[in-house]
Colleague: 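Submitted below is the structure of interest, expressed as structure tokens.
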Amino acid sequence: MTISGFISASARWSAEERPSFCAGADLTSGSRRRPGRLTRRSPPRRRPLRYDDGRMSAISKQVIEQIRSRCDIVEVIGESVPLQRAGASYKALCPFHKEKTPSFHVNPQRQMFYCFGCHAGGDVFRFVMLRENVDFYTALRMLAEKTGVRIQFEDERESGPDKSLLYRIQAEAAEFYHELLLGGQGAAAREYLKSRDLGDQAVRDFMIGYAPNAWDALLKWGGKKGYAAEALEAAGLVLRKSGASGDSGSSYDRFRNRVMFPICDEQGRVVGFSGRTLDDSDRSAKYVNTPDTALFHKSRILYALHRARQHILETREAIICEGQIDVIRCHLAGFRSAVAAQGTAFTEDHARLIRRYADGVVLVFDSDSAGMDATVRAAGVFLRAGLVVKASSVPAGEDPDSFIRKNGAEAFDAVLKSAVSPVAFHARMLARRENIRTESGLLRAARAVLELIANSPDSVQRARLLDEAAAELGVPKSALEDNLRALVSRRHTLQEPDWTNDGRTPGQTAGRETDIRPAEKDLCIHLVQAADFPAMVRLVTDHLPLSMIADRRCRLFIEAAREAARRKTDIQAALPSGEKADDSMSEFLAEILMSPPKAERRDGMLDRAVEEIILYLWRERLKAEKAELEKRLQAGGGTEEDEKKLCQLTHDIKALRSWEDGSLVIRMLMKP
Ligand SMILES: [Zn+2]
């Protein structure tokens with residue numbers, strides 16, 4: 001920046017100041033924006049990512065740094081985002097918001113990225129977290145695998161076969177079954193799939209397989225691979241004969257003569273199977289699922305989520321079906337955000353999983369009476385999780401699979417578009433089942449609908465649903481209101497975890513702390529040079545108590561700058577990183593570290609710039625004090641002491657316009 005550039009920068013500070021009579025008490029709120037500056041685009045809809053869920057404590061900082069040092073951020077980001085070189089760094093169209101000119105920057109020196117458009121930013125772990133929508137632990141593991149760093153997690157040291165072995169067994173078993181389907185033995189299974197109109201693409205995309213009609217096909221395969229019967233049992237693939245001991249002669253295959261649908265976790269790793277029988281005269285179950293194992297927890301698995309999650313993220317809405325074939329059909333027809341529960345009703349865990357990707361769900365279950373009931377139950381679970389819920393249904397006698405096959409994608413799209421609120425869905429279903437024109441019928445229907453609404457933790461959502469209930473049932477809203485209030489208060493005495501709060505402690509701000517005072521931000525940008533300009537840091541230490549800094553991230557940055565000046569290291573080494581930095585901290589640090597310098601890198605220039613900021617922040621503080629005092633005096637409640645104080649403040653504020661006089665005032669004010 002040139003000298004004239006610097007002067008115009010400081011002139012902006014004075015332009016921002018207002019006469020004291022209108023200086024509000026916004027000293028600490030930091031809500032003022034620099035005039036003439038473009039207002040921020042609204043941030044992309046992103047949820048705070050979770051950083052530490054207890055697993056982190058098992059991984060040492062050393063391992064994290066080892067992984068970081070082996071990943072080049074340019075390389076990692078470059079794999080999914082086309083980067084263009086721009087001087088010493090790189091830029092690209094931001095992968096996190098829509099834009100036409102690149103504002104996404106990657107800095108190889110700092111190993112950081114930052115988008116000046118949507119303010120996404122951070123280190124390589126954070127990029128993976130945002131891009132893959134995973135937590136820190138998962139991002140760490142993904143990068144560890146990529147770089148070949150071996151990390152041992154606490155939960156892998158539990159007794160029994162270690163998890164990585166189970167993952168390997170599941171993946172290889174899926175291939176084993178898949179190849180059997182494609183081979184000579186798989187003819188009957190292929191015939192069945194053909195009858196369900198599931199062709200090559202479905203078989204390939206969903207890695208469908210075949211478990212032969214034998215008691216030991218998988219056991220023998222495992223034996224050849226060197227997998228002990230215990231390991232196969234822990235994977236849920238074989239069962240032990242009752243009373244038998246460990247050798248393989250006493251075990252048998254769980255899945256026999258079945259079409260096999262591998263079930264994957266969010267990352268696409270096979271964790272279990274669902275097997276559909278090929279013998280309809282068979283007295284065993286139509287579907288057999290992997291039991292709960294170290295990898296497979298049916299209450300936490302959504303079928304096809306690994307394929308759907310990117311699409312769900314884009315639309316912020318998930319299509320929820322009942323069966324896995326419905327899901328496969330949806331995906332084949334282009335409805336790629338479809339998922340289903342796996343052999344169980346929807347649980348709070350499922351809802352939480354969805355909520356990481358979506359703001360809302362559309363439920364499309366079977367059209368029979370059981371499917372309708374299941375829709376209403378699932379709607380309650382998703383409402384409780386704070387999601388926007390809509391429900392639709394295909395015509396009687398159909399499920400999404402058969403409907404799409406008969407009527408095509410466009411017709412199914414119309415079904416999705418015709419989805420209504422769960423209240424309307426429920427009320428209409430009840431109206432078909434009983435006569436709501438009778439008083440007792442109406443009372444039952446009203447009660448059932450209110451029970452559903454009471455699931456929502458959000459009073460705005462409840463109010464909107466109540467409007468609908470009143471309209472659907474033809475009852476005045478006021479009549480329903482009282483009953484709902486009673487239901488809600490009863491629910492709240494048995495309080496569920498607060499979904500709207502994302503696990504934060506009450507009172508903590510849930511939103512993004514974007515409105516930092518520009519002066520504080522500029523101060524931080526200057527302080528990036530702390531190690532090279534210790535005099536500047538001393539100025540801040542001597543003239544600016546941390547209590548005068550409104551933004552907590554800025555306070556932390558100043559402390560790091562002192563540390564950097566003392567140790568003569570780059571400030572980045574003194575800042576929190578990786579799992580230690582939360583969302584808003586990561587973004588703040590990326591923005592500060594990647595902003596171009598605001599003053600010339602010369603002792604004098606930086607010091608002058610910092611002095612300006614110090615004077616400004618003090619003036620702001622005294623002006624707020626003065627405004628407070630004037631208000632008291634105008635109200636007639638002031639004393640003679642107050643009059644004197646007012647005089648003093650007016651004088652001090654004037655003195656704070658130059659460093660010569662101002663620094664004396666500051667030293668006076670800072671005296672204990
Ligand atoms: Zn962006």
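Note that the structure is predicted; figures quoted are calculated from it, not measured. All ligand and atom numbering here is 1-based and tracks the order in the structure.
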Colleague: With sequence neighbours left out, write down each residue that passes side-chain hydrogen bond (donor to acceptor under 3.5 Å, both in side chains) with Gln201, or none if nothing qualifies.
Modeller: Asp205
Colleague: For Gln111, enumerate each residue passing the side-chain hydrogen bond (donor to acceptor under 3.5 Å, both in side chains) test, keeping only those at least two apart in sequence or located in another chain.
Modeller: Asp72
Colleague: Check whether the ring centres of Tyr90 and His105 lie less than 6.0 Å apart, and answer yes or no.
Modeller: no
Colleague: Among residues at least two apart in sequence or on other chains, which ones pass side-chain hydrogen bond (donor to acceptor under 3.5 Å, both in side chains) with His350?
Modeller: Thr347
Colleague: Restricting to under 2.8 Å, identify the protein N, O or S atoms around the Zn ion (ligand 1) as residue plus atom.
Modeller: Cys94 SG, His97 ND1, Cys115 SG, Cys118 SG
Colleague: Where does the angle between the aromatic ring planes of Phe557 and Phe588 fall among parallel (under 30°), tilted (30 to 60°) and perpendicular (over 60°)?
Modeller: perpendicular
Colleague: How about Gln324 and Tyr303: does a side-chain donor come under 3.5 Å of a side-chain acceptor?
Modeller: no
